[in-house]
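A short worksheet on the structure shown next.
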Amino acid sequence: YNERLIRQKMSTQVADTLIKDFYEQHTDQFILHEHILKGIFVVVPNGAPKMDKLRKWMATPNEKNIEQIEKYAYQYASGYELFLDSWTTANQLLMWMPYERNEFTQHLGQHSQIELSDSVSTYILQLTDLRRANEKMPFDYAKPQIKDIILARRQVDFLKQQYHELYNEALRFKKLQLYEKD
């Protein structure tokens, strides 16, 4: 009943200004638990042609180079991820790369382009942005979490208000009787 009532009568819209204000007032609550990053990731078979061009394009991820990378990836790559505008966790990248966690985190921040090869493939990661564990979350990464917090608080207040209104309406129309205990 509560879920249906919330879906039907409560707005799920949260103004960006409200989210931003909440973020600024509670910055200490938004600390990263793991590394997050933005960039480009390509997996190509060892011996793929034009690897030097691919590295060069990835080193400068402008619109023209991204187009070249996508064409190259479509033709030669066995894996390709473009995450320049959204954060991904180091753990998510580790699922695609033959790195040990500690080894990978040591490389993060030392180089903007990380390359690793195994017997079959070459893995190239171009970092464009990095935030480390225990740093403050970037606003765009924290935004969905803040929206959920605001909506959860709004739901609690909404349900309290609904119960209060139902109770008062039941009293007013004498559909509820109160008995005093002796």
Side-chain angles (χ1 to χ4, degrees), residues 12 14-48 50-153:
T12 57
V14 180
D16 284 341
T17 54
L18 185 61
I19 295 171
K20 185 75 171 171
D21 290 346
F22 189 93
Y23 176 76
E24 290 171 359
Q25 292 170 8
H26 301 92
T27 303
D28 58 326
Q29 293 181 14
F30 299 102
I31 304 299
L32 292 168
H33 300 289
E34 62 180 317
H35 302 324
I36 60 172
L37 41 107
K38 292 182 180 181
I40 306 167
F41 179 68
V42 179
V43 181
V44 292
N46 288 337
K50 304 177 188 175
M51 288 287 289
D52 289 337
K53 285 187 177 184
L54 176 62
R55 289 181 191 98
K56 185 178 174 184
W57 295 326
M58 288 180 70
T60 311
N62 57 37
E63 191 174 320
K64 182 182 175 189
N65 288 346
I66 289 171
E67 186 178 317
Q68 293 296 328
I69 294 165
E70 287 177 342
K71 286 178 184 177
Y72 184 92
Y74 180 73
Q75 192 169 11
Y76 300 109
S78 58
Y80 170 66
E81 284 293 321
L82 179 69
F83 49 100
L84 295 169
D85 297 329
S86 61
W87 294 99
T88 191
T89 65
N91 286 336
Q92 288 170 319
L93 279 175
L94 277 171
M95 289 189 288
W96 303 326
M97 299 177 81
Y99 257 122
E100 292 295 324
R101 183 178 173 79
N102 291 338
E103 183 182 12
F104 182 64
T105 55
Q106 285 176 346
H107 280 85
L108 289 176
Q110 292 177 351
H111 311 282
S112 62
Q113 193 172 90
I114 299 171
E115 186 173 326
L116 177 70
S117 294
D118 60 17
S119 62
V120 178
S121 300
T122 299
Y123 307 81
I124 305 172
L125 170 64
Q126 178 65 47
L127 295 174
T128 58
D129 203 351
L130 169 69
R131 297 293 191 281
R132 296 187 175 278
N134 299 318
E135 288 183 4
K136 182 174 96 169
M137 281 183 196
F139 174 71
D140 58 331
Y141 189 76
K143 188 176 178 179
Q145 184 179 344
I146 295 168
K147 183 179 178 183
D148 290 345
I149 292 169
I150 291 170
L151 286 175
R153 289 180 178 182

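Looking only at side-chain heavy atoms (C-beta outward), Phe41 and Ile114 stay at 4.5 Å or farther from each other. Side-chain contact between Gln126 and Trp57: absent, with no pair of heavy atoms (C-beta onward) separated by less than 4.5 Å. Between Lys143 and Asp16 there is a side-chain heavy-atom pair separated by less than 4.5 Å. Between Pro138 and Ile36, some side-chain heavy-atom pair lies under the 4.5 Å cut-off. Within the 4.5 Å cutoff, the side chain of Arg131 has no heavy atoms near those of the Tyr141 side chain. By the 4.5 Å heavy-atom criterion applied to side chains, Leu54 and Lys50 are not counted as neighbours.
To the nearest 0.5 Å, the span separating CD1 on Ile40 from CD1 on Ile69 amounts to 4.0 Å. In this structure, CE in Met58 is found 6.5 Å from CG in Leu125, a value given to the nearest 0.5 Å. Here the CG-CE distance, from Leu116 to Met97, works out to 5.5 Å after rounding to the nearest 0.5 Å. How far NZ of Lys136 is from CG of Leu32: 11.0 Å, rounded to the nearest 0.5 Å. From Leu94, atom CG reaches atom NE2 of His35 across 10.0 Å, with rounding to the nearest 0.5 Å. Here OG of Ser86 is found 9.0 Å from CG of Asp140. Values are rounded to the nearest 0.5 Å.
Under the side chain to side chain contact (heavy atoms under 4.5 Å, CB included) criterion, Gln75 pairs with no residue, sequence neighbours left out. With sequence neighbours excluded, the residues that form a side chain to side chain contact (heavy atoms under 4.5 Å, CB included) with Arg55 are Met51, Asp52, Gln113, Glu115, Ile124. Ile150 is linked by a side chain to side chain contact (heavy atoms under 4.5 Å, CB included) to Val14, Leu18, Ile19, Phe22, Ile146, Arg154, counting only residues two or more places apart in sequence or in another chain. With sequence neighbours excluded, the residues forming a ring-ring contact (aromatic ring centres under 6.0 Å, His included) with Tyr76 are Tyr72, listed by chain and number. Residues that satisfy the salt bridge (Lys or Arg N to Asp or Glu O under 4.0 Å) test with Lys147, not counting sequence neighbours, are absent from this structure.
A donor-acceptor pair is defined here as one N or O able to donate and one able to accept, closer than 3.5 Å; such a pair exists between the side chain of Asn46 and the backbone of Asp118. When atom types are taken as modelled, the side chain of Asn65 and the backbone of Thr60 share a donor-acceptor pair closer than 3.5 angstrom. Remark: side-chain polar atoms of Thr27 are paired, donor with acceptor, to backbone N or O of Tyr23 under 3.5 angstrom.
Considering all non-hydrogen atoms of both residues, Tyr123 and Trp96 come closest at CE2-O, 3.3 Å. Considering all non-hydrogen atoms of both residues, Pro61 and Thr128 come closest at CG-CG2, 3.8 Å. Nearest heavy atoms, Lys20 versus Phe139: CA-CE1, 3.7 Å.
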CA sep, side-chain torsions, deciding dist, call: Gln145, Met137, side chain to side chain contact (heavy atoms under 4.5 Å, CB included): CA-CA 11 Å; Gln145 184 179 344; Met137 281 183 196; 3.5 Å; yes

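A salt bridge (charged side-chain N to carboxylate O under 4.0 Å, His left out) check over residues 57-80, counting only residues at least two apart or in different chains, returns the pairs Glu67-Lys71.
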